[in-house]
4 protein chains.
Amino acid sequence: MTPSPKTAPDASRRSERSRRAILDAALELVGETGYQRLTIEAIAARAGVGKQTIYRWWPSKAAVLLDAFAALGEEAAAGETELPDTGDLEADLKLVLRTTVDELNSPRFDAAYRALAAESIVNPEVCAHFVERILEPQLRLYAQRLARAQQAGHIRPDIDPRTALELLTGPLTHRWLLRTLPLTHEYADAVVELTLRGLAHG
Amino acid sequence: MTPSPKTAPDASRRSERSRRAILDAALELVGETGYQRLTIEAIAARAGVGKQTIYRWWPSKAAVLLDAFAALGEEAAAGETELPDTGDLEADLKLVLRTTVDELNSPRFDAAYRALAAESIVNPEVCAHFVERILEPQLRLYAQRLARAQQAGHIRPDIDPRTALELLTGPLTHRWLLRTLPLTHEYADAVVELTLRGLAHG
Amino acid sequence: MTPSPKTAPDASRRSERSRRAILDAALELVGETGYQRLTIEAIAARAGVGKQTIYRWWPSKAAVLLDAFAALGEEAAAGETELPDTGDLEADLKLVLRTTVDELNSPRFDAAYRALAAESIVNPEVCAHFVERILEPQLRLYAQRLARAQQAGHIRPDIDPRTALELLTGPLTHRWLLRTLPLTHEYADAVVELTLRGLAHG
Amino acid sequence: MTPSPKTAPDASRRSERSRRAILDAALELVGETGYQRLTIEAIAARAGVGKQTIYRWWPSKAAVLLDAFAALGEEAAAGETELPDTGDLEADLKLVLRTTVDELNSPRFDAAYRALAAESIVNPEVCAHFVERILEPQLRLYAQRLARAQQAGHIRPDIDPRTALELLTGPLTHRWLLRTLPLTHEYADAVVELTLRGLAHG
DNA sequence: AGATAAGCGAGACGGTACGTCTGGTCTTGTT
DNA sequence: AACAAGACCAGACGTACCGTCTCGCTTATCT
C-alpha cells in the first residue's frame with residue numbers, strides 16, 4: 001500500500017522494554033547534564049540499547065524527549081480531566097495557576113520542560129508537536145473553565161477565551177523562561193487579580 | 001585582581017576589524033542556517049578570521065550572537081531613549097506593543113532573537129546576559145511610562161510596575177515563542193485593552 | 001587480560017577496504033609532500049575515510065607509515081626467503097648489496113624509508129617496530145648467508161655474524177642517510193671487497 | 001647590493017644576549033621534551049624572547065638546533081685539532097672510536113644529535129648544513145690520520161680514505177641510530193680490528 | 001518444526017565540528 | 001632598528017557525536 005523508500009519499521013514487533021528504557025534514560029540524562037549535552041549515544045548507552053533502535057523510532061533527540069515528557073505528564077495528570085469549578089472564578093484560577101507555578105518550579109519537570117521549550121522556539125516542527133501533545137491538553141482545561149465563567153456572566157461576553165487564557169499564562173511563562181524574578185504563589189495570585197480587574201484606575 | 005589561570009588577552013590590541021566581521025558573519029549565518037547549525041568554524045570562515053580569534057574573545061557561540069544582537073539593537077534604538085507620552089496611556093501602549101510586534105515579526109531580528117531566547121531558557125548564564133543587555137533596556141522604557149501613568153492616576157497606585165509590565169509583554173512573548181496563533185496588531189491592541197480594563201464583567 | 005581503559009575495537013569487523021585505502025594514501029602522500037607535511041587529515045581525505053578510522057587502528061602517523069611500508073615490502077619480497085648461495089661469498093654479497101643500493105635509490109621506497117628512519121632515530125618505540133618489522137627480516141638473510149660462509153671456512157670462525165653484517169650494511173646506510181656521496185654499485189662492491197679482506201696492508 | 005624582497009636584518013645590531021638565550025633554550029628543551037615536541041614558541045618563551053627574533057635569524061627550528069649544537073661542539077672540541085698519532089694505527093683508531101662511542105652515549109649530546117640526524121634524513125638542506133658544520137670537522141680528523149697511515153704503508157695504497165672512514169664510522173652510526181644492540185667500547189674495538197684485517201679467513 | 005525475517009545490542013564507518021595548539025606574519029610599544 | 005610581547009590568519013591536532021551501515025543474536029510469525 002505504502003511502498004515507502006525506507007520501509008517503515010513494523011510497530012507491532014517493537015520492544016516495549018527498549019522504548020521505556022530509552023524514555024527513562026532520556027529524562028534522567030537531561031536532568032543530569034542538560035539538553036545541550038544530551039546525546040543520542042549517551043541515551044543509548046544508558047538505556048542499554050543500540051543507537052539504531054533510537055533512530056528507528058524517533059527522528060531526533062527532541063522527539064525522544066517529547067515522548068518522554070508526554071509519558072511523564074500523562075502519569076501525573078492521569079485523572080485531572082477538568083479544572084475545579086466552585087463558582088468562584090478568581091479562587092479557582094488562583095488555585096490552578098498556583099499548581100502551574102509549582103509544576104514549573106519542580107526540578108523533575110524543569111529540565112525537560114525547558115529543553116522542549118528551547119527546541120520549540122527554534123524548531124517549528126518540534127514546536128507544533130510540543131504544543132499539541134503537552135501544552136494544548138493543559139490549556140484546554142483553562143479555556144473550558146473560562147468559557148463557563150463567560151456563560152455565567154463573570155467574564156465579559158466579547159472576550160476571546162484564547163486571548164484571556166494567554167493573559168493569564170503569558171506572564172507566568174515569561175517569568176519562568178527568563179528567570180527575572182522568582183515565580184511564586186503570590187505572583188500567580190497577583191496575575192489573576194490584575195487580569196480579572198484590569199490595571200486602569202477607575 | 002587578575003587571578004586568571006590563562007592570562008587574559010590584551011583588549012587594547014584587539015582588532016576592531018575582526019570583531020565587526022565576526023559579529024556580522026554570526027548574524028548572517030544564524031539567519032541563513034539557524035542556530036543549531038550555526039558553527040564557530042563557519043563564522044570564522046565567513047568572517048575571514050582564525051578560529052582562535054573567536055575563542056580568544058568569546059566563550060561560546062551564544063556569547064558571540066549576544067554581542068552581535070546587542071550591536072544590532074544599539075544601532076536600531078540609537079536615539080529612542082523614551083516611550084511616547086501623549087497623555088493617553090492606552091494609545092501609547094498600543095503604539096509600543098505594535099512596534100514590538102513588528103520587531104518580533106521582522107525576519108532580520110527573528111532568527112537571532114529566537115536563538116538567544118532558546119539558549120537562555122536552557123543556559124542561565126547566557127540568560128542573565130541576555131536579560132541584562134537586550135531585554136532590560138527595552139523593558140525599562142515600559143516601566144518608566146507605566147510609572148508616570150501611575151503618578152498621573154491612570155493606574156491604580158498599589159500595582160507593581162514590574163508585574164504590570166509582564167502582563168503586557170507576557171502574552172505577546174507567549175504567542176511569539178509558541179507560534180500558536182499569528183502575532184498581529186489587533187492582538188497587541190486587545191492585550192492592552194484587556195489588561196488595562198480587566199476581564200471581569202462588571 | 002584486557003585491562004585497556006578504552007575498550008579496544010573489534011578487529012574482526014575491521015574494514016579491509018579502508019585499511020588498504022589508508023595505507024595506499026599514506027604512501028602516496030609521503031611521496032608527494034614529505035613526512036613532515038604528511039598529516040592524518042590528508043591521509044583520511046585522500047583515502048576517503050573518517051579520521052577516527054585511522055585513530056582507531058593506529059596510534060600515530062608513523063605507525064600508519066610503518067604498516068604501509070611493511071605491506072610494500074611484503075609484496076616486493078614475496079618469494080625471496082633466502083639470499084643466493086653460489087659458493088662464491090664475495091660475488092653473492094656484492095649482488096645483494098647492489099640490490100640494497102638499488103632499493104635505497106628507488107624513489108618508490110625512498111620517501112617512506114627516510115620518514116621511518118627519521119622517526120625511528122627520535123622515537124624508540126617506533127624504532128623497535130621498524131627494526132622488527134622491516135629491518136630484521138632483511139638482515140636475517142644476510143646473517144644466514146654469513147653463517148653458512150663461516151661454516152664453509154670462508155670467514156674466520158671467531159667473528160660475530162651480527163657484527164660482520166653491520167660492517168657491510170653500516171657504510172651503505174651511512175652514505176644513504178647523509179647523502180655525502182652518491183650510493184653506487186661500485187661503492188657496494190668496494191665495501192664488500194674491503195670488508196672481506198681488510199684495510200691493513202700486509 | 002642585494003635588494004632582497006624582505007630587507008635582510010642588520011646583523012651588526014643583533015642582540016648577542018638573545019642569541020645565546022635562544023640556543024641554550026633550544027638545547028635544554030630538546031633534551032627535556034624531544035625534537036618532535038620542541039616548538040619555536042616554547043624556545044621563545046624559555047629564552048624570554050619574542051618569536052619574531054627567532055624567525056628573523058633562523059629559517060626553521062632545525063637551523064636553531066644546528067647552531068646550538070655547533071656551539072656546543074665547538075666548546076667541547078676547542079683544542080682537539082688532530083687525532084693522536086702514536087704510530088700504532090689500530091690503537092689510535094680504537095682510542096678515537098671509543099671516544100666517539102662515549103659521545104654518542106652521552107645524554108648531553110644524544111637528544112640534539114638525534115634530532116639533527118632525524119631532520120637531516122628527511123630534509124636535504126638541513127642535511128647539507130649538518131654534514132658541513134658538525135660532521136665534516138670530525139671526519140676530517142679521521143681522514144687525515146688514515147692518509148698518514150697510508151703514507152706510512154700501514155694501509156693499502158689503492159684505498160679511498162673516504163671509503164675507509166665510512167667502514168669505520170658506518171657500523172657505529174648504524175648501531176647508534178637503530179638501537180639494535182648496545183654501543184660499547186668492545187664493539188668499537190671489534191670494528192677497528194675487523195675493518196683493518198678483514199673478515200675473510202686466510 | 002523449521003524456515004524466514006524483523007527487531008535488537010553492538011559498534012565500525014564516513015563525516016562534521018569541537019576547542020586547543022602551533023606555525024609563521026604583523027603590529028605595537030620600548031630600549 | 002632590533003627587540004619583547006602577543007594578536008592575528010591558518011590549519012592540523014585528537015575527541016565527541018552524528019546518522020548510516022553491517023554484523024550475529026534473539027524472537028515471532030508463517031509456512
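Naming convention: chains lettered A, B, ... in sequence-line order (proteins, then strands); numbering from 1 in each chain. Keep in mind that what you see is a predicted model, and the values were worked out from it rather than measured.
- For A:Trp57, taking side-chain heavy atoms from C-beta onward, the closest of the listed nucleotides F:dT22, F:dG14, E:dG7 is E:dG7.
- The interatomic distance linking A:Ile40 (CD1) with F:dC21 (C1') rounds to 17 Å, in whole Å.
- Spacing between atom CD of A:Gln36 and atom P of E:dA17 amounts to 17 Å, rounded to whole angstrom units.
- Ring-plane geometry between C:Phe69 and C:Tyr113 is classed as tilted, the angle between the planes lying from 30 to 60 degrees on a 0 to 90 degree scale.
- In this structure, B:Tyr55 places its OH atom 18 Å from C1' of F:dA7, rounding to the nearest Å.
- With hydrogens and angles left out, the side chain of C:Lys51 and the base of E:dG14 share no donor-acceptor pair within 3.5 Å.
- Look at CG on A:Asp10: it is 13 Å from C1' on F:dT27, rounded to the nearest Å.
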Assess the residue pair B:Arg37 and B:Glu32 against the criterion (side-chain contact (heavy atoms from CB on, under 4.5 Å)); give the C-alpha distance rounded to whole Å, side-chain angles, the decisive distance to 0.1 Å, and a yes or no. CA-CA 9 Å; B:Arg37 265 177 286 218; B:Glu32 291 172 20; over 6 Å; no
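- When the nucleotides F:dC9, E:dC13, E:dA17 are ranked by their closest atom to the side chain of C:Ser18, E:dC13 comes out on top.
- Between the side chain of C:Gln52 and the base of E:dC13, no donor-acceptor pair of N or O atoms lies under 3.5 Å.
- Rounded to whole Å, atom P of F:dA4 lies 14 Å from atom CD1 of D:Ile43.
- Cation-pi contact between C:Arg19 and C:Trp57: absent, since separation from the ring centre below 6.0 Å together with deviation from the ring axis within 45° is not met.
- Checked for salt-bridge contact, B:Arg133 and B:Asp67 meet the test: a charged N lies under 4.0 Å from a carboxylate O.
- Between the P atom of E:dC13 and the CZ atom of C:Arg19 lies a distance of 12 Å, rounded to the nearest Å.
- Nucleotide E:dG19 holds its P atom 15 Å from the CH2 atom of B:Trp58, rounded to whole Å.
- In the interface, the side chain of B:Arg14 is not paired with the base of F:dA7 through any donor and acceptor atom under 3.5 Å apart.
- Between A:Leu29 and the choices A:Ile43, A:Asp24, A:Leu65, the side chain to side chain contact (heavy atoms under 4.5 Å, CB included) rule is met once, by A:Ile43.
- Residue B:Gly48 is the one, among B:Gly48 and C:Leu38, whose nearest nucleotide of DNA chain F lies closer to the 5' end (criterion: closest heavy atom).
- The side chain of C:Thr53 lies closest to E:dG14 when the candidates are E:dG14, E:dT22, E:dG19.
- Going from atom CZ of D:Arg37 over to atom C1' of F:dA12 covers 17 Å, rounded to whole Å.
- Nearest to the side chain of A:Glu41, among F:dC18, E:dG7, E:dA12, sits F:dC18.
- Residue-to-nucleotide proximity on DNA chain E shows that, of A:Arg13 and C:Arg13, the 5′-proximal contact is made by A:Arg13.
- Judged by atom type and distance alone, D:Arg56 does not reach the base of F:dA2 through any side-chain donor-acceptor pair under 3.5 Å.
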